[in-house]
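Each remark here refers to the structure printed beneath this line.
Protein chains get the first letters and strands the later ones, always in sequence-line order, with residue 1 at the start of each.
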Number of protein chains: 2
Amino acid sequence: MSASRIEELIAALRASGRRVTPTRRALIEQLVGASSHLTADELMARVGLADGPVHEATIYRSLDALERSGLIEHVHLGHGRAVYHLMDDLHQHLVCEVCGQVAEAPAGLFDVVQRRLVEHHGFVMRPYHFAVLGRCRRCEAAPVPILEEEPS
Amino acid sequence: MSASRIEELIAALRASGRRVTPTRRALIEQLVGASSHLTADELMARVGLADGPVHEATIYRSLDALERSGLIEHVHLGHGRAVYHLMDDLHQHLVCEVCGQVAEAPAGLFDVVQRRLVEHHGFVMRPYHFAVLGRCRRCEAAPVPILEEEPS
DNA sequence: ATCTTTGCAAACTTTTTGCACCAAT
DNA sequence: ATTGGTGCAAAAAGTTTGCAAAGAT
């Protein structure tokens with residue numbers, strides 16, 4: 001069950017020298033319980049619904065604290081808001097620029113590239129901060145999209 | 001020389017059904033002449049210096065026009081402003097999260113990943129819209145950075 | 001008791017939009 | 001003469017900050 005996972009994360013937060021507050025606990029709970037990735041304002045809404053309203057500044061500062069403690073990470077799926085997810089749930093995001101759908105790909109997707117970059121450029125890639133953009137199967141097959149709007 | 005390249009781009013712009021204006025011409029000239037990638041406000045400054053001030057809204061709308069015509073593309077190197085470059089100058093950007101330095105990697109870097117994504121996920125990757133984040137050789141070698149600020 | 005965290009309001013950065021005027025075709 | 005582009009001002013979107021009050025250790 002996820003209760004122990006939540007407690008582990010809380011313990012890690014405390015171990016990192018930061019304080020455990022209701023907002024931080026609620027954010028962790030939401031992120032553990034979430035089926036998909038959530039934006040800061042989605043998290044604010046859910047936390048507010050569960051435990052009463054929390055100010056946006058607090059949400060951002062708490063997310064920052066969780067991120068600095070190594071518990072979570074934010075990812076940019078395209079233009080607009082970032083999404084947050086737990087660090088131990090590493091994977092790549094495939095964002096369709098036509099329909100906006102987000103799929104997940106295994107974390108090892110970039111292993112080959114990572115090795116090449118270290119060897120040729122001395123560059124240690126951290127592959128999770130940005131999404132992979134492109135077109136999903138359906139949109140690639142479709143004749144031509146009507147919209148000109150890109151979600152990227 | 002780059003004069004003919006500029007004229008080619010102007011011709012392509014016209015061919016795409018859009019009008020050729022002093023601002024658009026100036027933007028193309030700056031992008032052709034630029035040694036590195038430029039942000040919208042850097043472009044505004046340079047264009048303004050050369051041909052007199054142009055409003056920011058016009059810069060953004062003109063860049064959008066050039067992008068929709070397929071002449072240029074914008075890339076996100078991290079948090080903050082996007083940078084613009086010519087479409088025919090495709091390559092990947094390696095951004096060091098510690099020192100902020102931007103290096104370039106060959107366009108084919110992701111070929112293997114691209115093939116894998118098509119085969120396994122039916123996903124056609126467009127690999128240029130986001131930078132590759134990580135640590136450059138120097139910062140990776142350094143004991144530990146003093147700053148906590150990430151340019152990402 | 002101390003030092004973090006929160007709430008509030010306000011600022012900030014980057015980009016976008018509505019509208020009237022101007023200019024490229 | 002059309003239609004698309006520009007300037008202006010103002011707003012939008014997303015996130016950050018200063019400060020005093022509240023809360024975790």
Side-chain angles (χ1 to χ4, degrees), chain A residues 10-28 37-45 47-48 51-69 71-84 129-130 148-152, chain B residues 10-28 37-45 47-48 51-69 71-84 129-130 148-152:
Chain A
I10 295 288
L13 174 60
R14 183 170 277 123
S16 82
R18 295 178 210 266
R19 295 184 177 172
V20 177
T21 68
T23 299
R24 292 173 180 186
R25 185 180 285 274
L27 283 171
I28 289 173
H37 310 323
L38 299 171
T39 61
D41 69 324
E42 286 166 347
L43 283 164
M44 178 165 70
V47 166
D51 298 78
V54 177
H55 196 267
E56 55 186 344
T58 303
I59 294 290
Y60 280 107
R61 279 188 285 219
S62 295
L63 287 171
D64 185 54
L66 296 181
E67 194 158 17
R68 286 178 190 278
S69 303
L71 305 191
I72 69 173
E73 184 171 67
H74 74 274
V75 177
H76 298 276
L77 298 184
H79 293 167
R81 313 189 91 104
V83 297
Y84 293 82
H129 192 226
F130 285 133
E148 296 238 310
E149 323 300 324
E150 302 105 72
S152 59
Chain B
I10 296 288
L13 174 60
R14 183 169 278 123
S16 83
R18 294 179 209 266
R19 295 184 179 173
V20 177
T21 69
T23 298
R24 292 173 180 188
R25 186 179 284 274
L27 283 171
I28 290 173
H37 310 323
L38 300 170
T39 61
D41 69 323
E42 287 166 346
L43 282 164
M44 178 165 69
V47 166
D51 298 75
V54 178
H55 197 268
E56 54 186 345
T58 304
I59 294 289
Y60 280 107
R61 280 186 286 219
S62 296
L63 287 171
D64 186 55
L66 297 181
E67 195 158 15
R68 286 178 190 278
S69 303
L71 306 192
I72 70 172
E73 183 171 68
H74 74 274
V75 177
H76 298 276
L77 297 184
H79 293 166
R81 314 189 88 107
V83 297
Y84 293 81
H129 192 227
F130 286 132
E148 295 240 310
E149 323 299 327
E150 301 104 75
S152 56

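Although no hydrogens or angles enter the test, the distance criterion places no donor-acceptor pair under 3.5 Å between the side chain of T58(A) and the main chain of V54(A). Judged by distance alone, with hydrogens and angles left aside, the side-chain atoms of E73(A) form no donor-acceptor pair with the main-chain N or O of E67(A) at under 3.5 Å. Remark: side-chain polar atoms of R24(B) are paired, donor with acceptor, to backbone N or O of R19(B) under 3.5 angstrom.
Shown here are the side-chain hydrogen bond (donor to acceptor under 3.5 Å, both in side chains) partners of E56(A), two or more places apart in sequence or in another chain: there are none. In terms of the salt bridge (charged side-chain N to carboxylate O under 4.0 Å, His left out) criterion, residue partners of D41(B) (sequence neighbours excluded) are, by chain and number, R81(B). Among residues two or more places apart in sequence or in another chain, the side-chain hydrogen bond (donor to acceptor under 3.5 Å, both in side chains) test is passed with S69(A) by S16(A), R18(A).
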Scan nucleotides 12-14 of chain D against the protein and return all N/O pairs shorter than 3.5 Å with their distances rounded to 0.1 Å.
from	atom 1	to	atom 2	distance (Å)
dG14(D)	OP2	R81(A)	NH1	2.7

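The distance from atom CG of L43(A) to atom C1' of dT15(D) is 15 Å, rounded to the nearest whole Å. If you measure from atom CG of D51(B) to atom P of dG7(D), you get 11 Å, rounded to the nearest angstrom. Remark: P of dT6(C) and CG of L63(A) are 11 Å apart, rounded to the nearest angstrom. The distance from atom CD1 of I59(A) to atom P of dT16(D) is 13 Å, rounded to the nearest whole Å. Rounded to a whole Å, the CZ atom of R25(A) is 11 Å from the P atom of dA24(D). Atom P of nucleotide dA11(D) and atom CD of E56(B) are separated by 14 Å, given to the nearest angstrom. For the pair R24(B) CZ and dG4(D) P, the interatomic distance rounds to 11 Å; values are reported in whole Å. Between the CZ atom of R68(B) and the C1' atom of dG5(D) there is a distance of 15 Å, given to the nearest Å.
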Footprint string (nucleotides 19-25 of chain C, 5' to 3'): B base within contact, S backbone only, - free, heavy atoms under 4.0 Å: ----BBS

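The A57(A) side chain lies nearest to dT17(D) when the options are dG7(C), dT15(C), dT17(D). Closest contact between the side chain of H55(B) and the listed nucleotides dC8(D), dG7(C), dT6(D) involves dC8(D).
By the 4.5 Å heavy-atom criterion applied to side chains, V83(A) and L38(A) are not counted as neighbours. Using a 4.5 Å heavy-atom cutoff, the side chains of V75(A) and H37(A) are not in contact.
Residues V47(B) and A26(B) share a closest heavy-atom pair of CG1-CB, 3.8 Å. Between I72(A) and Y84(A) the shortest heavy-atom distance is CD1-CD2, 3.8 Å.
Neither OP1 nor OP2 of dG5(D) sits under 4.0 Å from any side-chain N or O of T23(B).
The nearest heavy atom of DNA chain D to P53(B) and to G17(B) marks one nucleotide each, and the one closer to the 5' end goes with G17(B).
Recorded end-axis angle for the helix from dA1(C)-dT25(D) to dT25(C)-dA1(D) stands at 40°, based on five pairs per end and rounded to 10 degrees.
T39(B) comes within 4.0 angstrom of nothing in the nucleic acid, heavy atoms only.
Side chain to side chain, H79(A) and H74(B) meet the donor-acceptor criterion of an N or O pair below 3.5 Å.
Between H76(A) and H76(B), the distance separating the two ring centers is not shorter than 6.0 angstrom.
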